[in-house]
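Chain letters run A, B, ... following the sequence lines, proteins first, then strands; residues in each count from 1.
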Amino acid sequence: MSKRPRTLDSFFSPPATKRSRQAGGDTSKVANGETTPSQLSNHPTYPFAVPHLPPEITDILNFAPAQEARIINDRPDLDLLYFQPYIPKEIQRPLFDFLRREFFFYKVQYKIKRGPVETQINTPRYTTVFGLDETSIFNDAGEVIDSATGKPPSGKDAYTCKPRPIPECLDMLRRLTENTTGSKFNFALVNYYASGADSISYHSDDEKFLGPDPCIASFTLGAKRDFLLRHKKTPAAHPSESQPMKLPLASGDMVLMRGKTQSCWEHSIPKRKGGEAERGRINITFRRAMTKGGTANYYRYNVGDGGVFKWDGGRGEMVAWKGGETG
DNA sequence: GTCTACCCACGCAG
DNA sequence: CCTGCGTGGGTAGA
């Protein structure tokens, strides 16, 4: 697709050396069907073009899952598949480094009212999101069109956000996960927990736009972090079965949450002091949104307006990206 | 082995 | 739904 609008690509490509021959576009191929060593996923909504995974990674990733899943359903209303790991050992580190280096992340902020006072919440993690709900698809030109009519949604059906296609480097993992699980996914949420001070408190992914009993695949790369699950209502009759569950999610692991897990349980990644957590953990979740409201929600709460950050390999930390705003 | 100081996980209030 | 603080359990070192 060198003919496709290149949009911001030229802005962020190095000046005419390494990447000068690369084609943009998320389905691009060179003549005779071969791929270049580093193609790019590009879209007007991306601040940066996102490279495809290098063959050193994709060649190994195709052998995933590395382990068979363990079923965890011995607690009421809980149904998990636990792959330890899903992603083969030899590419865990390269994949972690790739994703942390190539993605732009957001620090979501929002306001809540506690009684009379309004307080600003700065979410203790970095996040980004790609995808589009079931009602729509991207056409070859990268435009959003209605799944049924093929026309751009207009009027009350128009999107108020700017949906971004899942870049190929994540889409490959999404397709693998679909094959492994038999479930369909149209959204990829990526979280980066830069240190043990980053966290997410107890919540459920039980929004209506995910439909009943949603199936959500959650990947870990990088530092091992505890993943806590607790039943929403603790039945006094069976306290032992309702004890919180702790999974020590390590690099490469994947947990599939399904059945009544979201409707009846909450999960969290608590803060952790010292040790491994300081090296940073990337979490990728795949899920399936059914309505336009789902797309609006995910872009509101995962792209937000709290500033744009990118990994600085020299400094070894996330730094604010000049400009601070994206489209 | 015992005591103590410190650290950290956990729960709860705001 | 985050942060701060109190508390109790675990443990390294004297």
Side-chain angles (χ1 to χ4, degrees), chain A residues 72 75-78 80 82 105-129 161 187 189-210 214 216 218 220 222-236 238-251 253 255 257 261-285 287 289 293-309 317-318 320 324:
Chain A
I72 301 178
R75 312 266 181 124
D77 314 311
L78 187 68
L80 307 175
Y82 189 11
F105 289 90
Y106 304 81
K107 199 115 191 178
V108 175
Q109 302 176 331
Y110 56 93
K111 290 186 167 64
I112 61 165
K113 278 209 193 81
R114 207 157 26 210
V117 284
E118 191 175 62
T119 53
Q120 173 159 307
I121 303 295
N122 304 310
T123 57
R125 60 193 166 273
Y126 298 88
T127 180
T128 192
V129 66
C161 56
F187 261 94
L189 273 63
V190 184
N191 286 296
Y192 176 56
Y193 300 86
S195 75
D198 278 353
S199 63
I200 190 166
S201 51
Y202 273 114
H203 68 284
S204 300
D205 298 305
D206 58 353
E207 297 95 340
K208 269 189 190 152
F209 55 76
L210 295 175
I216 297 173
S218 174
T220 295
K224 180 189 296 178
R225 291 290 294 264
D226 285 337
F227 182 70
L228 272 47
L229 295 123
R230 71 178 182 195
H231 202 284
K232 286 183 187 177
K233 40 185 168 71
T234 304
H238 304 279
S240 64
E241 292 181 331
S242 304
Q243 294 274 77
M245 170 168 293
K246 183 188 294 189
L247 302 180
L249 299 186
S251 194
D253 288 2
V255 175
M257 296 176 277
T261 301
Q262 299 301 336
S263 59
C264 295
W265 290 69
E266 300 174 305
H267 52 273
S268 73
I269 300 283
K271 297 187 193 307
R272 283 290 181 260
K273 290 211 141 179
E276 189 170 350
E278 303 306 315
R279 298 205 306 261
R281 167 182 183 262
I282 286 177
N283 172 239
I284 305 165
T285 60
R287 52 192 77 200
T295 297
N297 180 283
Y298 279 144
Y299 284 96
R300 166 66 185 89
Y301 288 107
N302 294 283
V303 176
D305 50 10
V308 183
F309 293 82
E317 62 183 14
M318 299 294 280

Which is true for [X] with a 4.0 Å heavy-atom rule: it touches a base, it touches only sugar-phosphate, or it touches nothing?
X        : answer
A/Pro124 : sugar-phosphate
A/Lys246 : sugar-phosphate
A/Ile121 : sugar-phosphate
A/Tyr110 : sugar-phosphate

Length of the line joining [X]:[atom1] and [N]:[atom2], which is rounded to integer Å:
X        : N      : atom1 : atom2 : answer
A/Leu228 : C/dC1  : CG    : P     : 17 Å
A/Ile269 : B/dA9  : CD1   : C1'   : 15 Å
A/Gln120 : C/dC1  : CD    : P     : 15 Å
A/Asn297 : C/dC1  : CG    : C1'   : 14 Å
A/Asp206 : C/dC1  : CG    : P     : 10 Å
A/Tyr202 : B/dA13 : OH    : P     : 17 Å
A/Arg125 : C/dT3  : CZ    : P     : 9 Å
A/Glu266 : B/dC10 : CD    : P     : 16 Å

For this session: With the side chain of A/Lys271 defined as its heavy atoms from C-beta on, choose the nearest nucleotide among C/dT3, B/dC10, C/dC2.
Result: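 Shortest atom-to-atom distance from the side chain points to C/dT3.
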For this session: Give a yes/no verdict on a cation-pi contact between A/Lys246 and A/Phe227, requiring under 6.0 Å between NZ or CZ and the six-membered ring centre and an angle within 45° of the axis.
Result: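 No, A/Lys246 does not lie over the aromatic ring of A/Phe227.
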Exercise. Are A/Arg225 and B/dA9 close enough that a side-chain N or O sits under 4.0 Å from OP1 or OP2?
Worked result: no
Exercise. Does OP1 or OP2 of C/dC1 have a side-chain N or O of A/Lys111 closer than 4.0 Å?
Worked result: no
Problem set entry | Working for side chain to side chain contact (heavy atoms under 4.5 Å, CB included), residues A/Phe105 and A/Val190 | CA-CA 9 Å; A/Phe105 289 90; A/Val190 184; 3.8 Å; yes
For this session: Please test A/Ile72 against A/Leu247 for side chain to side chain contact (heavy atoms under 4.5 Å, CB included), starting from the C-alpha separation and ending with a verdict.
Result: CA-CA 11 Å; A/Ile72 301 178; A/Leu247 302 180; 4.1 Å; yes
For this session: Apply side chain to side chain contact (heavy atoms under 4.5 Å, CB included) to the pair A/Tyr192 and A/Met318, showing each step before the final yes or no.
Result: CA-CA 10 Å; A/Tyr192 176 56; A/Met318 299 294 280; 3.8 Å; yes
For this session: Provide the closest heavy-atom pair for A/Pro124 versus A/Ala197 in the form atom of the first, atom of the second, distance.
Result: CB-O, 4.2 Å
